[in-house]
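Numbering starts at 1 and runs along the sequence shown.
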Amino acid sequence: DETKLSMIATADKDNLDNIMSMDTYKLNLLKSAVVYGSNGAGKSNLIKALSAMKSIVLSSSKEQRGDEIKGIEPFVFDVQDRKLPALFEVIFIVDGVRYQYGFSATKTKIYEEWLYAFPKAAKRTWFTRFLNEESDSYEWEYTDGKYLKASKDKMKLYIDTTRDNELFLSKIIQLNNKEAIPVFDWFKSELKCAGIEGWNDGKNVTLNFLESEDKKKLILGFLNDMDIQVSDIKVKEEKFDISKLDLLNDMPDDLKQKIAHDLSDGTLVETQFLRKLKDEKIIGLDLDEESDGTQKIFSLLGPFLDALEKGYVVVIDELHNSLHPLLLKYIVSLFHDKDINTKNAQLLFTTHETEILNQDIFRRDQIWFCDKDGTFASQLIPLTDYKPRKSEKLSKGYLNGRYGGIPLLEEDIKLSIKKLMGL
């Protein structure tokens, strides 16, 4: 069934710094949203779905006819549902224009695709396609190419060259349609998705920030605010030297030569955190010798500061991993701070951390719960559906099972385990 997460704020007057106004559409949008739920409830699938949608948009035009559409994972607990297309849709605003884009697809073909724009609240159909399964052909609507600024011949070229396993949006970008660039670039550059381990390039993004003295001071300021006391960060690059790798000593010569050849032009980056002791002595510690939490903070700071600087949408799974609750609270506060988040960046994350589950940090419309129904399907439920009181202790209510989304650890289950263990 359809699951929807909305970043549109309610009329609630609490924590007004947590929202931003979009005057063109008379909308107030949330600067952040958090999703709670037990292990296996489906929280990660929300993040994976957004990541999959982004990946399909960016890569579908690079595939070949007959290739499988990567990222489509049907609901496995219903045999009939496995054959149905999965639907993805996102509504977003770029440069003051609201867009609604989506598609449905199986692993083998696109069934539907649509793009609407609302430049002044009025709906404009840029294009739609729908697979007529009886004729095995697509039915199109594109307003004569008016909003894509494409001639009749150009539209024919677009349509004739779009494969059934390819998104039309990806195809027209590949064929240099300029009008669709803002939509494609939102997926490419402004939607930032990360799994449990964070961003693969997060550390490199932070290292790039260190190349600017002003941004380096900012990084150091944030680290010290988080009680990670660092006086300086030193980054040193040196040419790769295979002789320094002890692990290669027992390798066959031919394999060693291949590795040396493959990495001959490579560089090694050594990052050290410098700390000044009471006797003024400076001690350096390699980043990989720092705690897991410090390493995670370092890899997060670059992408987060980049998002705050440019107004990106940041989506990350289990943000609390390796982070102290106060550090998690601090990161969320950066997005809520109107003096820091001047470009209206947004943060969407999943977590188990209940320390921040309170109404001093979040508005009630920022909190969501993920839970499974009797068919093992995930449901995404906003806290507002439970109508909590303004004075209610949300973390207590959540842990007591009032909002769902927690593992069932009933006493009879514990007794059964004890019996199985012979206790």
Side-chain angles (χ1 to χ4, degrees), residues 1-5 45-76 78-92 94 99-117 123-148 150 152-191 193:
D1 295 331
E2 181 180 273
T3 295
K4 179 171 71 174
L5 184 138
N45 281 343
L46 172 66
I47 309 301
K48 289 176 182 177
L50 282 167
S51 182
M53 185 179 189
K54 171 175 177 166
S55 176
I56 295 167
V57 168
L58 299 185
S59 66
S60 73
S61 64
K62 301 173 185 176
E63 306 298 337
Q64 302 297 316
R65 185 171 299 280
D67 285 351
E68 185 175 278
I69 300 173
K70 299 179 178 66
I72 302 292
E73 296 295 339
F75 182 58
V76 299
D78 188 304
V79 175
Q80 184 175 351
D81 282 355
R82 291 181 204 172
K83 302 174 184 178
L84 297 177
L87 184 147
F88 303 79
E89 183 181 68
V90 63
I91 301 172
F92 56 96
V94 177
Y99 296 95
Q100 180 176 349
Y101 174 72
F103 58 87
S104 67
T106 62
K107 287 178 177 290
T108 58
K109 66 174 62 177
I110 307 296
Y111 277 71
E112 295 178 84
E113 187 180 4
W114 58 92
L115 174 59
Y116 308 111
K123 180 179 179 180
R124 293 180 176 178
T125 300
W126 282 31
F127 67 82
T128 67
R129 66 194 279 211
F130 171 77
L131 180 64
N132 185 323
E133 295 189 69
E134 289 186 6
S135 63
D136 196 29
S137 62
Y138 290 101
E139 298 175 4
W140 293 83
E141 180 182 353
Y142 46 85
T143 325
D144 294 326
K146 176 180 178 181
Y147 301 118
L148 292 174
K152 182 178 180 180
D153 288 342
K154 180 68 77 172
M155 287 302 303
K156 186 175 187 306
L157 174 66
Y158 289 163
I159 291 170
D160 289 348
T161 56
T162 301
R163 305 183 312 273
D164 61 0
N165 64 341
E166 178 182 25
L167 292 175
F168 187 66
L169 174 62
S170 305
K171 171 56 71 177
I172 62 178
I173 288 294
Q174 186 185 55
L175 296 177
N176 298 317
N177 181 276
K178 302 265 190 305
E179 301 308 307
I181 286 176
V183 178
F184 184 85
D185 281 357
W186 185 83
F187 286 98
K188 179 182 178 183
S189 304
E190 297 190 35
L191 177 61
C193 300

Does [X] use its side chain to pair, donor to acceptor, with the backbone of [Y] at less than 3.5 Å?
X: Lys107; Y: Glu68; result: no
X: Thr162; Y: Tyr158; result: yes
X: Thr161; Y: Leu157; result: yes
X: Thr143; Y: Thr125; result: yes
X: Lys54; Y: Leu191; result: yes
X: Asp144; Y: Lys146; result: no

Residue pair [X] / [Y], side-chain heavy-atom distance below 4.5 Å:
X: Phe127; Y: Met155; answer: no
X: Met53; Y: Phe187; answer: yes
X: Tyr147; Y: Leu115; answer: no
X: Leu84; Y: Phe75; answer: no
X: Ile56; Y: Phe103; answer: yes
X: Glu89; Y: Gln100; answer: yes
X: Glu112; Y: Thr128; answer: no
X: Asp164; Y: Tyr138; answer: yes

How long is the span from the [atom1] atom in [X] to the [atom2] atom in [Y], to the nearest 0.5 Å?
X: Glu179; Y: Ile173; atom1: CD; atom2: CD1; result: 10.0 Å
X: Ile110; Y: Glu166; atom1: CD1; atom2: CD; result: 9.0 Å
X: Ser104; Y: Phe130; atom1: OG; atom2: CZ; result: 8.5 Å
X: Leu50; Y: Asn45; atom1: CG; atom2: CG; result: 11.0 Å
X: Leu46; Y: Leu5; atom1: CG; atom2: CG; result: 6.0 Å
X: Glu73; Y: Lys48; atom1: CD; atom2: NZ; result: 9.0 Å

Please report the shortest heavy-atom distance between [X] and [Y], naming the atom on each side.
X: Ala86; Y: Ile72; answer: CB-CG2, 4.5 Å
X: Asn177; Y: Ile181; answer: O-CG1, 3.6 Å
X: Leu58; Y: Lys62; answer: O-CE, 3.6 Å
X: Ser59; Y: Ser55; answer: OG-O, 2.6 Å

**Request:** Using a strict 4.0 Å threshold on nitrogen-to-oxygen distance, state whether Arg129 and Glu141 make a salt bridge.
**Result:** no
**Asked** Do Asp136 and Lys109 meet the salt-bridge criterion of a basic N to acidic O distance under 4.0 Å?
**Response** yes
**Request:** Verify whether the ring centers belonging to Trp126 and Tyr99 lie closer than 6.0 Å.
**Result:** yes
**Trp140/Phe168 aromatic ring centres below 6.0 Å** = yes
**Message:** Tell me if the NZ atom of Lys154 is crowded by more than 12 foreign heavy atoms within 6.0 Å.
**Reply:** no
**Asked** Can you tell me if CG on Asn132 sees more than 12 non-hydrogen neighbours from other groups inside 6.0 Å?
**Response** yes
**Prompt:** side-chain contact (heavy atoms from CB on, under 4.5 Å) with Ser60: which of Ile69, Asn165, Leu169, Leu167?
**Reply:** Leu167
